[in-house]
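By convention in this document, chain letters (A, B, ...) are assigned in the order of the sequence lines, proteins followed by strands, and residues within each chain are numbered from 1. Note that the structure is predicted; figures quoted are calculated from it, not measured.
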Amino acid sequence: MHKAPRGTFDILPQEHVYWKYVEEKAASLCQLYGYQPLSTPIFEDAEIFTKAVAGGTDIVDKEMYIFEDKSGQELALRAEGTAPVCRAYLEHGLFNLPQPVKLYYIGPAFRYERPQSGRYRQHHQFGFEALGEADPALDAEVIEMARHFFCSLGLSQFLIQLNSIGCKLCRPGYLEVLKQHYSDYTDRLCPDCKVRLVKNPLRLLDCKKPTCHEIARTAPKITDYLCRECQLHFQSVQEYLEVMHITFQLNPGLVRGLDYYTRTVFEVEPQENGGQSTLGGGGRYDDLIEELGGKPTPAVGFAAGLERIILNLKKQKVDIPALPKPDVFIAYLKGEAKTEAMKLASELRKAGIAVIMATGDKSLRAQMRQAGSLDIACALILGEEEVSKRNVMLRDMRSGEQKTIPLAEIAAFLKQLRI
RNA sequence: GUGAGCGUAGCCCAGUGGUUAAGGCGCCAGGUUGUGGCCCUGGAGAUCGUGGGUUCAAAUCCCACCGUUCACCCCA
């Protein structure tokens, strides 16, 4: 027996209510903020990701699904959403439009890692990106939009954490100071942090091990080492957020996993969290588009994980609207009634009425049981008697009331019922 | 990649060495020669994750593998 591959899953009909709910909220949010949909391929030249995300991060080093196609092209399954958006922005000359260009996407992303709660090899991200504008007002708008998104979903228990990680001018200086601080403690660091010290020093700051955490707590803060421009930018992001009454928590230890971030970084966390809890995160990435071969182009964006959102919708018991049910169920008896029933089903559907037609020549009892378990509001029954008089029996499945209606009038009658 | 827990019908699960592996949900049929929900009766559905070992005897004990869950790393 085959199973869905490790870290992937099927979304069964009863789960789809959640997906539809989240996707619709996402689309209407984007409409509200002037973001337009963009779909990119599910695989890209591997370089799109290796250049964007950069080595030294696990995503590139060990989590990418890389393969060669028959021509020897090195391709990778989409590892994250931002880089492909930037690629499309460059490829289609969207930099010629009035800036910023505001785009959003919903789609799968792939990472080869061990699955656990809220983490999958194929997961789904909703993200939006504003490209071509450096104004800190846009950073604040993106954060406000992220908050708006979670609120509109009915998720109330979350926290926004904010930090600035500077730019390529001021960050290197800070990293030196940071390494300096850690050089006094190298022997006390956990094995992971010893690696981080060399490979990705910023990550030292959010190690959860008690001894490392203590060293991180006393470490110099990046926000004290920002250059003048980064400082002003960060300050005004915060001012705009305050004006919009967005509550946030400054977290000098907040570092995003992807290397392309500059200046503003933020994360949205549920209040009570287990392991893989981050609902979404984002920030500014002013150097990425240049890195991908474009002119220097500032940009800012956000991405959220749909699986984690749905996990929290369930945890917080948010009411989700049910998928619409078919309007009528058609049951039939014996030979001639069946042909008549097929004709009727076809006609009703042409009239826009959603029909489930019984099949399999089961007993009327079985057919009614099926109508009941499908929770359909009314059933149409066609037997010899009805057919010979050109009638159909209409049964209201809630009340159990029945009436006979001429076949010629049933479509109009049902339409009128639904108003 | 590391660590821990768990694998018995589609789903939830009882069974911890001894007959044909029990129950609930769901499914199918009947009780109603043309009527669902409640009730009653019957039925189908399980190589007890896989392989090896211990034993007169293994779902049960041991080992390995696989799968899965959770956590670490990392991230959405």
Side-chain angles (χ1 to χ4, degrees), chain A residues 1-9 12 14 22 53 56-64 78-82 105-127 146 190-193 195-196 199-200 203 206-209 212 255-259 267-270 273-282 301-312 329 331-334 337 358 360 362-387 393-402:
Chain A
M1 262 280 267
H2 287 288
K3 286 178 170 178
R6 166 164 249 211
T8 70
F9 53 91
L12 296 172
Q14 65 269 24
V22 176
V53 180
T57 59
D58 280 1
I59 290 185
V60 164
D61 292 350
K62 46 187 200 198
E63 294 177 1
M64 287 227 298
R78 186 197 290 145
E80 58 96 40
T82 302
Y105 59 87
I106 301 176
F110 303 84
R111 287 177 207 166
Y112 188 87
E113 20 179 19
R114 279 184 67 165
Q116 70 186 69
S117 178
R119 184 170 73 189
Y120 303 92
R121 289 186 173 180
Q122 175 178 352
H123 71 281
H124 299 78
Q125 291 190 11
F126 159 52
C190 72
D192 288 326
C193 278
V195 178
R196 290 184 181 116
K199 246 172 62 176
N200 198 344
R203 288 232 135 256
D206 62 356
C207 184
K208 290 165 200 151
K209 302 240 164 45
C212 299
V255 178
R256 305 244 51 232
L258 306 172
D259 259 20
E267 242 171 52
V268 183
E269 293 255 351
N273 45 21
Q276 308 302 313
S277 57
T278 304
L279 283 167
F302 169 80
L306 300 204
E307 286 80 1
R308 291 182 187 179
I309 288 171
I310 290 169
L311 202 67
N312 279 273
F329 183 91
Y332 64 89
L333 289 128
K334 309 251 170 64
K362 290 187 272 272
S363 68
L364 184 59
R365 178 189 191 166
Q367 296 181 60
M368 295 308 285
R369 233 203 305 265
Q370 189 185 352
S373 81
L374 289 169
D375 197 24
I376 295 177
C378 51
L380 297 178
I381 301 164
L382 276 165
E384 274 177 302
E385 212 179 302
E386 287 79 13
V387 171
M393 177 88 79
L394 171 69
R395 178 179 177 87
D396 182 321
M397 296 296 281
R398 305 260 184 277
S399 65
E401 277 171 42
Q402 304 197 152

Practice problem: Between B:G51 and B:G7, how far apart are the C1' atoms? Round to whole Å, please. | Solution: 15 Å

Quiz item: Base, sugar-phosphate alone, or nothing: which one does A:I309 contact when heavy atoms must sit under 4.0 Å apart?
Solution: nothing

Exercise. Assign A:F126 to base, sugar-phosphate, or nothing according to its heavy-atom contacts below 4.0 angstrom with the strands shown.
Key: nothing

Exercise. Taking atom P in both B:G23 and B:A14, compute the distance separating them and give it to the nearest angstrom.
Key: 15 Å

Quiz item: A:E386 near the nucleic acid: base, sugar-phosphate alone, or nothing, with a heavy-atom cut-off under 4.0 Å?
Solution: base

Exercise. Could you work out the separation of B:A29 and B:A44 based on their P atoms and round it to a whole Å?
Key: 15 Å

Quiz item: At under 4.0 Å between heavy atoms, what does A:R121 touch on the DNA or RNA strands: base, sugar-phosphate, or nothing?
Solution: nothing

Practice problem: For A:Q367, answer base if it contacts any base atom (sugar-phosphate contacts may also be present), sugar-phosphate if it contacts only those atoms, and nothing otherwise; contact means non-hydrogen atoms under 4.0 Å. | Solution: nothing

Practice problem: Identify whether any heavy atom of A:G118 sits under 4.0 Å from a base atom; if not, whether one sits that close to sugar-phosphate; answer base, sugar-phosphate or nothing. | Solution: base

Quiz prompt | Touch class at under 4.0 angstrom, heavy-atom based, for A:A109 against every strand present | solution = nothing

Quiz item: Counting any heavy atom closer than 4.0 Å, what does A:R256 reach on the DNA or RNA strands: base, sugar-phosphate only, or nothing?
Solution: sugar-phosphate

Quiz item: When we call it a touch if two heavy atoms are under 4.0 Å apart, what does A:L306 touch: a base, just sugar-phosphate, or nothing?
Solution: nothing

Self-check item: Earlier contact from the 5' end, RNA chain B, for A:D206 and A:P115
Solution: A:P115

Practice problem: Taking A:R121 for its side chain and A:T8 for its backbone only, find out whether a donor-acceptor pair lies under 3.5 Å. | Solution: no

Quiz item: Under 5.5 Å between ring centres and under 30° between planes: true for A:H124 and the base of B:A76?
Solution: no

Quiz item: Counting any heavy atom closer than 4.0 Å, what does A:G400 reach on the DNA or RNA strands: base, sugar-phosphate only, or nothing?
Solution: base

Quiz item: Paired stems touching RNA chain B, three or more consecutive Watson-Crick or G-U pairs with both distances under 3.5 Å?
Solution: B:1-7 with B:66-72, B:10-12 with B:23-25, B:27-31 with B:39-43, B:49-53 with B:61-65

Taking N or O atoms only and anything under 3.5 Å, show me the protein contacts with nucleotides 2-5 of chain B, one pair per line.
from, atom 1, to, atom 2, distance (Å)
B:U2, O4, A:R114, NE, 3.2
B:U2, O4, A:R114, NH1, 2.9
B:G3, O6, A:R114, NH2, 3.3

Quiz item: Between the base of B:G34 and the side chain of A:Q402, is there any donor-acceptor pair under 3.5 Å?
Solution: no

Quiz item: Mind checking what makes side-chain contact (heavy atoms from CB on, under 4.5 Å) contact with A:A366, not counting sequence neighbours?
Solution: A:K362, A:S363

Quiz prompt | A:A4 vs A:L333, nearer the 5' end of RNA chain B by closest nucleotide | solution = A:L333

